[in-house]
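To start, the structure itself, in structure tokens.
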Amino acid sequence: MLSRLVKAVAIGALLPLGAVDAAKTKKLIIDTDIYSGVDDTTALLLAATLPHAEILAVNVNTASSYSALAVSAIIGHYGYTEVPIGLTRPFTDEAFFDNFGFIRGEYCSKVGYHYSNGSLPWGTAEDAWDPVALYRKTLAEQADHSVTVVSLGFFQNLAGLLNSTGDKYSPLSGPDLVKAKVLELVVMGGQYPSGAEFNFFGGTPLNTALVINTWPTAITFSGDNVNVLAGARLTREAPSTDPVAASYKWQIGYNVDWQTWDPFAVLYAINGLDKLFVAQGQGGHNYVFPNGSNTWVYDNTKNNQQWLKLKISNVTAANKLESLFLKGVRKWA
Ligand SMILES: *[C@@H]1O[C@H](CO)[C@@H](O)[C@H](O)[C@H]1NC(C)=O
Ligand SMILES: *[C@@H]1O[C@H](CO)[C@@H](O)[C@H](O)[C@H]1NC(C)=O
Ligand SMILES: *[C@@H]1O[C@H](CO)[C@@H](O)[C@H](O)[C@H]1NC(C)=O
Ligand SMILES: *[C@@H]1O[C@H](CO)[C@@H](O)[C@H](O)[C@H]1NC(C)=O
């Protein structure tokens, strides 16, 4: 299998001079709650395989060693074998058990073990970065206003970043570092224009409120409704060696669809509105209550926020996602 670098050079060599537009490449830090829902795996798949994207770092906001090992295995398979991975502390070796529907299986330990690869191989979860240190190091190394942060779960890592002070990576406070380096925060969470959604209230809602109410750059929200059913085709048609198709099969079974909140957020983070989404709520901003419920406020004090709505049918959107998933996995068969 080609390394990413060899592959990039090989692809670059086939294109006319100037066709590789570095300015169009979105530099991503992903904060994932990979553990219970399997859509984090297709989100990582898109981030690792879509053109015009580069993963700088991944932070995990669920407190299981297997979550971090699964991230390493998945992005390692798609060539990101050196990318640093952070894991919230303290963590345990607890594995997911479906005590909601008693149907879904556990997949993070399985994918972490059977595809052990990347910067955090099996048995090394304690070597994962502290997420706040990883945010600060990664942001400090990047050009101003160049990093897109994608939040796919709970908010304690981002709250820790906003709460941080100058250190060996940067003299800037957390908010100043974010303001200097971040282009946009993309958040999977919330209901629009108002409601209560699990990523906002299910973890530590005060951290959600801190991040959403005080984050100093533009934010785009991909809420509860930006969701269709997909993944069955991936399990049917992916190469047998693929770790994301294997995760779907372990968790929900062969030829079964699942929710797609997280891949949509990543797709927006990389390609923008494109033909899929329409932006709503301009001229207003999100407000999160201490209990994690949220509501959109039109007071014009903060007008760099928007929420997404799908502008194509759910069937068309599902077909689009499935074809992007398959295109991605086939590159790394
Ligand atoms: C890890 O991933 C790299 C990049 O895809 C691949 O070349 C290598 O064979 C993989 N190693 C293992 C043990 O799967
Ligand atoms: C913020 O920093 C204070 C002081 O260091 C600490 O007690 C608190 O737990 C931190 N909060 C978060 C969300 O990191
Ligand atoms: C599309 O929405 C309909 C109506 O809610 C639902 O029955 C169907 O399963 C959805 N299909 C997909 C691919 O999400
Ligand atoms: C959360 O708090 C807000 C504001 O006080 C309130 O309107 C809402 O009903 C609460 N939501 C829940 C689910 O308790």
Side-chain angles (χ1 to χ4, degrees), residues 33 37-43 45-46 100-101 103-104 152-156 159 187-214 221-238 244-245 247-249 251-268 271 273-278 280-281 284-299 301-302 305 307-329:
D33 63 346
V38 78
D39 59 322
D40 293 84
T41 68
T42 36
L45 162 63
L46 291 184
F100 298 99
I103 288 173
R104 287 182 286 159
L152 302 178
F154 307 123
F155 290 86
Q156 76 272 27
V187 173
M188 192 283 116
Q191 288 204 355
Y192 301 96
S194 65
E197 184 276 331
F198 186 69
N199 281 357
F200 278 15
F201 71 74
T204 43
L206 287 178
N207 284 333
T208 313
L210 173 74
V211 173
I212 302 307
N213 298 343
T214 70
F221 296 92
S222 190
D224 209 7
N225 290 333
V226 182
N227 176 33
V228 300
L229 292 171
R233 186 173 163 213
L234 176 71
T235 68
R236 294 195 306 268
E237 297 180 28
V244 169
S247 299
Y248 271 66
K249 287 184 242 172
Q251 206 197 30
I252 53 174
Y254 175 79
N255 201 20
V256 182
D257 282 320
W258 186 249
Q259 325 276 2
T260 54
W261 296 287
D262 294 344
F264 276 132
V266 166
L267 198 52
Y268 167 79
N271 290 344
L273 295 173
D274 204 15
K275 298 185 183 76
L276 256 72
F277 305 109
V278 59
Q280 311 265 287
H285 63 88
N286 206 359
Y287 180 78
V288 175
F289 296 103
N291 62 12
S293 292
N294 72 286
T295 190
W296 204 259
V297 180
Y298 290 96
D299 69 2
T301 56
K302 246 194 288 183
Q305 299 188 5
W307 85 80
L308 300 178
K309 224 175 102 171
L310 278 172
K311 78 169 186 198
I312 53 179
S313 79
N314 66 350
V315 174
T316 309
N319 288 337
K320 169 88 182 161
L321 283 178
E322 293 277 23
S323 69
L324 292 175
F325 297 161
L326 284 167
K327 213 169 174 179
V329 300

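Ligands are counted one by one from 1 in listed order, and the atoms in each one are counted from 1 as well. Just so you know, these numbers use all the heavy atoms, side chains as well, and skip hydrogens, waters and symmetry mates. All residue numbers refer to positions in the sequence shown, counting from 1.
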_Distance, nearest 0.5 Å, that separates CG of Leu210 from OG1 of Thr204_ =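 These two atoms lie 10.0 Å from each other.
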
Can [X] and [Y] be counted as having a side-chain donor-acceptor contact under 3.5 angstrom?
| X | Y | value |
| --- | --- | --- |
| Gln259 | Asp39 | no |
| Tyr192 | Asn286 | yes |
| Tyr248 | Thr42 | yes |
| His285 | Asp299 | yes |

*Does a side-chain heavy-atom distance below 4.5 Å link Trp307 with Asn294?*
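In short, these two side chains do not touch, never coming nearer than 4.5 Å.
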
*asked:* Strictly by side chain to side chain donor-acceptor pair (under 3.5 Å), give each pair with a member in residues 313-328 just once, sequence neighbours left out.
replied: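 Only Ser313-Thr316 qualify under side chain to side chain donor-acceptor pair (under 3.5 Å).
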
*asked:* Any nitrogen or oxygen of Val315, side chain or backbone, less than 3.5 Å from one on ligand 3?
replied: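 In fact, backbone or side chain, Val315 has no N or O that close.
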
_Just to be sure I understand the cut-off, which residues have at least one non-hydrogen atom under 4.0 angstrom from an atom of ligand 4?_
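Answer by chain and number: Phe289, Asn291, Ser293.
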
*asked:* Please list, in number order, the atoms of ligand 3 under 4.0 Å from a heavy atom of Val228.
replied: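 Counting from 1, the qualifying ligand atoms are 14 (O).
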
